[in-house]
Amino acid sequence: MALYRFADRIPRVAPGAWVSDSARVIGDVEIGENCYIGHGVILRGDYGSIRIGPGTAVEEGAVIHIRPEGLSVMGERVTVGHGAILHGDRIDDYAVIGMGAVISFSVEIGRWAIVAEGGVVTAGTRIPPGSLAKGVPARVVGDVQQHHKDFWVYGKQLYVDLAERYPRDFERIG
């Protein structure tokens, strides 16, 4: 696990969370229980603060940062896709941020909202709960349906299970 103090800011990782040794967790970052923080992730709490709720997956190559003195909060069982970049203030419970999406400053994503792959949510935007947003800039194009939720409940559990498996099954062999 690669945790870094920045001045008096020290990361905190709850029991059962797994943080890749190639991730960089810097400063005032709090990671909840059963989280999965993937390979190459950067969580920069050097001059802002980051709070990641239980069961959240931050997938490979994602970057999360916040403006000076800002607070970025991710709720329970949020999915942050591979290569996403987040500077937003709040990502509510069960939300999904697609692969390669960009979430700009002062953005709020509601509970069970989905931002599609490659979507760019511009500064100050609010994506309402249960909304599906996509495009550049991202716009709400519909509502999250039950089949979306069913798929993502399954997908979110996969990462909770990975956080449990990695400590015993992941081994450097070369």
Side-chain angles (χ1 to χ4, degrees), residues 13-20 22-23 25 29-43 50-64 66 71-104 106-122 124-170:
V13 179
W18 184 80
V19 178
S20 170
S22 67
V25 181
V29 176
E30 184 177 322
I31 299 170
E33 294 177 345
N34 304 315
C35 286
Y36 173 90
I37 308 300
H39 313 287
V41 165
I42 299 172
L43 304 175
I50 299 169
R51 304 289 176 264
I52 299 175
T56 288
V58 182
E59 297 174 359
E60 288 67 25
V63 176
I64 301 173
I66 191 69
L71 174 62
S72 179
V73 176
M74 271 151 268
E76 181 178 348
R77 292 215 176 196
V78 169
T79 299
V80 177
H82 308 282
I85 300 172
L86 281 69
H87 279 87
D89 289 359
R90 177 138 190 101
I91 314 292
D92 281 334
D93 297 346
Y94 304 100
V96 176
I97 308 303
M99 297 178 292
V102 176
I103 308 299
S104 192
S106 302
V107 166
E108 294 184 10
I109 308 293
R111 180 182 172 93
W112 268 118
I114 297 174
V115 175
E117 300 90 333
V120 177
V121 182
T122 56
T125 300
R126 308 286 186 267
I127 304 295
S131 297
L132 174 61
K134 66 180 184 175
V136 180
R139 300 279 184 240
V140 173
V141 296
D143 295 326
V144 171
Q145 303 297 313
Q146 188 60 47
H147 70 91
H148 296 120
K149 290 181 178 182
D150 293 343
F151 173 81
W152 282 107
V153 164
Y154 167 77
K156 290 169 185 300
Q157 187 61 44
L158 286 175
Y159 278 94
V160 169
D161 294 345
L162 273 179
E164 181 182 323
R165 288 188 60 197
Y166 257 89
R168 72 170 185 268
D169 292 345
F170 183 64

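- With values rounded to the nearest 0.5 angstrom, I37 atom CD1 is found 4.5 Å from I31 atom CD1.
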Test log, rule side chain to side chain contact (heavy atoms under 4.5 Å, CB included), inputs L43 and I52: CA-CA 10 Å; L43 304 175; I52 299 175; 3.8 Å; yes
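- Residues passing the ring-ring contact (aromatic ring centres under 6.0 Å, His included) test with F151, sequence neighbours excluded: none.
- Under the rule for a salt bridge (Lys or Arg N to Asp or Glu O under 4.0 Å), D150 has no partner lying at least two apart in sequence or in another chain.
- Within the 4.5 Å cutoff, no side-chain heavy atoms of L132 are placed close to those of Q145.
- Separation of atoms OH (Y36) and CD (E60) is listed at 3.5 Å; rounding is to 0.5 Å.
- Taking the side chain as every heavy atom from C-beta outward, V153 and R77 never approach each other to under 4.5 Å.
- Once rounded to the nearest 0.5 Å, the distance linking OH of Y159 with OG1 of T79 reads 8.5 Å.
- In this structure, CG on L162 lies 13.0 Å from SG on C35, to the nearest 0.5 angstrom.
- H87 pairs by the side-chain hydrogen bond (donor to acceptor under 3.5 Å, both in side chains) definition with nothing, not counting sequence neighbours.
- Partners of E108 by salt bridge (Lys or Arg N to Asp or Glu O under 4.0 Å), not counting sequence neighbours, listed by chain and number: R126.
- Rounding to the nearest 0.5 Å gives a distance of 11.0 Å between CD1 of I64 and CD1 of I85.
- With rounding to the nearest 0.5 Å, the separation of CD1 in I114 from NZ in K149 is 9.5 Å.
- A pairwise comparison of heavy atoms in G75 and T56 identifies O-OG1, 2.8 Å as the closest pair.
- The salt bridge (Lys or Arg N to Asp or Glu O under 4.0 Å) analysis of residues 133-146, with sequence neighbours excluded, yields no pairs.
- Applying the salt bridge (Lys or Arg N to Asp or Glu O under 4.0 Å) test to residues at least two apart or on different chains, the pairs with a partner in residues 83-100 are R67-D89, R90-D92, D93-R111.
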